[in-house]
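Report on the following structure.
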Amino acid sequence: MKIKNEMIQPIISTTLIAFVFLFGGCDISSKDSTNVQLREEPEGIHAAFYNSDGSKISMSTTRGRLILADSNLNIVVKSKGHKGHANSSFFSLDDKYIITGGEDRSLNVWNAATLESDRKYQFSFNSWTSIHGYYTLGGCGEKGQVIFYNKRSHDTIRFLLEPEGAFHLYYLLPDTSFVVSSGYSGYEINLQKKKIVHCYKGHSNWVYCIMPDNAQRRIVTASKDSTVKIFDRFTQSCLYTSPNLRGPVYVSCFNNKDNVIAASTGNGEIYFMDTTLATIKMKIKAFETRINTIHYSPDGTRMVVGSEGGGAKIFSVKDGSLLYELKY
C-alpha cells in the first residue's frame, strides 16, 4: 500500500450538467443485416440515497444521469452529468450538495436543490463510489485507488490499495475517518494521520461493500463469496459470518437501531438478518437483476432499493411490501 499526496484541480461550471459496476450496450434483435433493430437497455440505478430528513432521494444512473426524487420516488429534477455510467450519488452531510462519480473519470458536485453543477473534479480513474463530508470529498475505484480532497486546504491524499479495485467508501467520523473495501479486505483510513489504521480480513473473494454500525463499534462487509461478515472495528476480529446467500452479496448495512442487517444479492433479493447473521428474519424479491444499492430512510421505516437492470423501488421495512416505484 502506498500513500501519495497530489493536487486535483476543480473545473468550475455554471451550466446544468448532469455502486459500483458497469453494464451496457444494445442487443441486436434481428439477424437480418438489412433490417437491424436496436433494443435500448433499461436505465439502471447504481446508487440511491436519502438526504438527512428523508424528503429527497438522489440517484445516479447507467445513462450518466443524476435524478432527484421526493420521498415517494416522484422525480423532482434530473440532469445529465457524466459520459457513460454515473456510478454513485451521495448527499453531503449538510445536505447542500450531491456528489456523483462517473465512468468519464470525474467527480461532479451539484447544488442539491437545483442540480446545478457547482464544481467538477477530473480524476485519473473511474470512481465507483464517492462521498462528501462537510468539506472533504472522497472517491474510490479502479486499481484500488482512493482519493480524498480537502476543499479548505486544497490538499489531496491518494491511497493505493488492492489492484482488483477499491469498491466502496463510507465515512466513520466526518472528514476524519473512513472505511473502504478493496480486493478481499476492508480498511479503516484515518485522514488526519494519513494512514490505514485497521484492516478487516476473512472473505475469500472481493469485498463489494463495507459499512459501520451507527455506534461505530462494528463493521459489516458484503462479498462476492456470497457471505456477509461482521467485524469488531477496533480488534479487527471477525465476530460473525452469514451462511452462503444466493449469489454474490453487493450491499450490506445495519438498520437505524443496529439490530438488523440488510444485504442485497446479484439475483435481486434482499435479506434481513439478526446481528449474529444466524437468522433470516425476512427476504424480499425486489428485482430480477443485481441490486446495487439499498439505503434505510432516516426514520428507519422504509428502504430505497436500486437495480442495474432498471429502476428504483421503496419497500416497507416492517413487512417488505412495495410502497413506491420510480417512473422515468
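What's counted below: heavy atoms across the whole structure, side chains too, no hydrogens, waters or symmetry copies.
Within the structure, ring pair (Phe, Tyr, Trp, His ring centres under 6.0 Å) contacts touching residues 302-328 (residues at least two apart or in different chains) do not occur. For residues 55-78, no pair satisfies ring pair (Phe, Tyr, Trp, His ring centres under 6.0 Å), with sequence neighbours left out.
Judged by distance alone, with hydrogens and angles left aside, the side-chain atoms of Ser130 form no donor-acceptor pair with the main-chain N or O of Ser88 at under 3.5 Å.
Taking Asn51 as the reference, Asp53, Ser55 meet the side chain to side chain donor-acceptor pair (under 3.5 Å) condition, with sequence neighbours excluded. Checked against side chain to side chain donor-acceptor pair (under 3.5 Å), Thr289 has the following partners two or more places apart in sequence or in another chain: Ser307. The ring pair (Phe, Tyr, Trp, His ring centres under 6.0 Å) test applied to Tyr187 returns no partner, not counting sequence neighbours. Residues satisfying the side chain to side chain donor-acceptor pair (under 3.5 Å) criterion with Thr241, sequence neighbours excluded, are Lys229. Applying the salt bridge (charged side-chain N to carboxylate O under 4.0 Å, His left out) rule to Asp213 yields the partners Arg218; only residues at least two apart in sequence or on another chain are considered. For Glu142, the salt bridge (charged side-chain N to carboxylate O under 4.0 Å, His left out) partners are Arg105, not counting sequence neighbours. Legend: residues meeting side-chain contact (heavy atoms from CB on, under 4.5 Å) with Lys285, ordered by chain and number and at least two apart, are Asn267, Glu269, Glu288. For Lys96, the side-chain contact (heavy atoms from CB on, under 4.5 Å) partners are Ser92, Asp94, not counting sequence neighbours. Applying the side-chain contact (heavy atoms from CB on, under 4.5 Å) criterion to Val260, with sequence neighbours excluded, gives Asn255, Phe272, Lys281, Tyr296. Every residue was checked against the side chain to side chain donor-acceptor pair (under 3.5 Å) condition with Asn190, not counting sequence neighbours, and none meets it.
Ser52 and Asp95 are linked by a side-chain donor-acceptor pair at a separation below 3.5 angstrom, with hydrogens and angles left out of the test.
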Inset, instruction - Let me see the working for Ile45 and Thr61 under side-chain contact (heavy atoms from CB on, under 4.5 Å), right down to the final yes or no. - result: CA-CA 5 Å; Ile45 300 296; Thr61 83; 4.0 Å; yes
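Ring geometry for Phe148 against Phe159 counts as perpendicular: the plane angle is over 60°, on a 0 to 90° scale with 30° as the lower cut. Ring geometry for His132 against Tyr97 counts as parallel: the plane angle stays under 30°, on a 0 to 90° scale with 60° as the upper cut. Aromatic ring pairs are classed by plane angle as parallel below 30°, tilted from 30° to 60° and perpendicular above 60°; the pair Tyr208 and Trp206 is perpendicular. The aromatic rings of Trp128 and Phe167 lie parallel to each other, their planes meeting at an angle below 30°, with 60° marking the opposite boundary. Ring planes of Tyr171 and Phe90: perpendicular class, angle over 60° (limits at 30 and 60°).
Across every non-hydrogen atom of Glu103 and Asn126, the tightest pair is CA-OD1, 3.4 Å.
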